[in-house]
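Below is one structure, written out as C-alpha coordinates; comments come after it.
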Amino acid sequence: MTDFPPEDAPAPLAEGRWLWRRLYVFATSGGAWLLLDRLIAATPPEAAPDLARGLMALLALTMVLYLVAPSAQQLIASLGALPGRRP
(Lines give C-alpha, C1' and ligand atoms only; values in the text may rest on other atoms or scores of the structure.)
Protein backbone atom coordinates (compact mmCIF):
# COMPACT_ATOMS: atom_id res chain seq x y z
CA MET A 1 0.00 0.00 0.00
CA THR A 2 1.34 3.42 -0.87
CA ASP A 3 1.29 6.36 1.50
CA PHE A 4 -0.47 9.44 0.21
CA PRO A 5 -0.33 12.84 1.93
CA PRO A 6 -3.55 13.97 3.55
CA GLU A 7 -5.85 15.82 1.20
CA ASP A 8 -5.89 18.92 3.39
CA ALA A 9 -2.05 19.12 3.53
CA PRO A 10 -0.59 22.23 1.85
CA ALA A 11 1.39 21.72 -1.34
CA PRO A 12 5.16 21.95 -0.81
CA LEU A 13 6.88 25.03 -2.16
CA ALA A 14 9.01 24.55 -5.25
CA GLU A 15 12.04 26.37 -3.90
CA GLY A 16 12.69 28.20 -0.67
CA ARG A 17 15.21 30.73 -1.95
CA TRP A 18 13.88 31.74 -5.36
CA LEU A 19 15.12 35.33 -4.86
CA TRP A 20 18.76 34.43 -5.61
CA ARG A 21 17.86 32.66 -8.85
CA ARG A 22 15.88 35.66 -10.01
CA LEU A 23 18.64 38.08 -9.06
CA TYR A 24 21.20 35.96 -10.94
CA VAL A 25 19.07 35.88 -14.08
CA PHE A 26 18.33 39.61 -13.85
CA ALA A 27 22.01 40.51 -13.45
CA THR A 28 23.16 38.12 -16.19
CA SER A 29 20.50 39.37 -18.61
CA GLY A 30 21.38 43.00 -17.89
CA GLY A 31 25.08 42.26 -18.37
CA ALA A 32 24.41 40.48 -21.65
CA TRP A 33 22.36 43.39 -22.95
CA LEU A 34 25.10 45.83 -21.93
CA LEU A 35 27.67 43.61 -23.62
CA LEU A 36 25.55 43.51 -26.76
CA ASP A 37 25.30 47.30 -26.80
CA ARG A 38 29.06 47.82 -26.40
CA LEU A 39 30.08 45.08 -28.82
CA ILE A 40 27.70 46.26 -31.53
CA ALA A 41 29.17 49.76 -31.26
CA ALA A 42 32.75 48.40 -31.48
CA THR A 43 32.36 45.87 -34.30
CA PRO A 44 32.10 46.43 -38.02
CA PRO A 45 28.55 46.31 -39.41
CA GLU A 46 29.06 42.99 -41.24
CA ALA A 47 29.95 41.19 -37.96
CA ALA A 48 26.95 42.51 -36.01
CA PRO A 49 24.43 39.79 -36.97
CA ASP A 50 26.68 36.93 -35.83
CA LEU A 51 27.47 38.73 -32.60
CA ALA A 52 23.81 39.42 -31.89
CA ARG A 53 22.90 35.76 -32.59
CA GLY A 54 25.53 34.56 -30.13
CA LEU A 55 24.40 36.86 -27.35
CA MET A 56 20.74 36.04 -27.94
CA ALA A 57 21.63 32.34 -27.68
CA LEU A 58 23.31 33.08 -24.34
CA LEU A 59 20.18 34.85 -23.13
CA ALA A 60 18.04 31.92 -24.30
CA LEU A 61 20.26 29.49 -22.39
CA THR A 62 20.00 31.63 -19.27
CA MET A 63 16.22 31.72 -19.50
CA VAL A 64 15.98 27.96 -20.07
CA LEU A 65 18.20 27.32 -17.05
CA TYR A 66 16.06 29.67 -14.99
CA LEU A 67 12.81 27.98 -16.01
CA VAL A 68 13.87 24.33 -16.18
CA ALA A 69 16.92 23.79 -13.99
CA PRO A 70 16.42 22.13 -10.61
CA SER A 71 16.94 24.03 -7.41
CA ALA A 72 19.97 23.45 -5.20
CA GLN A 73 17.85 21.39 -2.80
CA GLN A 74 16.71 19.14 -5.65
CA LEU A 75 20.29 18.67 -6.90
CA ILE A 76 21.52 17.69 -3.43
CA ALA A 77 18.63 15.26 -2.99
CA SER A 78 19.32 13.72 -6.42
CA LEU A 79 23.03 13.33 -5.69
CA GLY A 80 22.24 11.76 -2.34
CA ALA A 81 20.01 9.18 -4.01
CA LEU A 82 22.73 7.91 -6.38
CA PRO A 83 23.59 4.23 -5.98
CA GLY A 84 26.80 3.48 -4.14
CA ARG A 85 26.50 6.48 -1.82
CA ARG A 86 26.72 5.79 1.87
CA PRO A 87 23.89 7.20 4.01
Say you draw a straight line from CG of Leu35 to OG1 of Thr28; how long is it, rounded to the nearest 0.5 Å?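 Here the interatomic distance stands at 12.0 Å.
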Could you pull out all donor-acceptor pairs under 3.5 Å where a side-chain atom in residues 43-50 meets a protein atom, sequence neighbours excluded?
from	atom 1	to	atom 2	distance (Å)
Thr43	OG1	Leu39	O	2.9
Asp50	OD1	Arg53	NH1	2.8

Mind checking side-chain contact (heavy atoms from CB on, under 4.5 Å) for Met63 and listing every partner two or more places apart, or none if nothing turns up?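 Here no residue qualifies.
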Once side-chain contact (heavy atoms from CB on, under 4.5 Å) is applied, do any residues pair with Leu34, and if so which ones, sequence neighbours excluded? Arg38
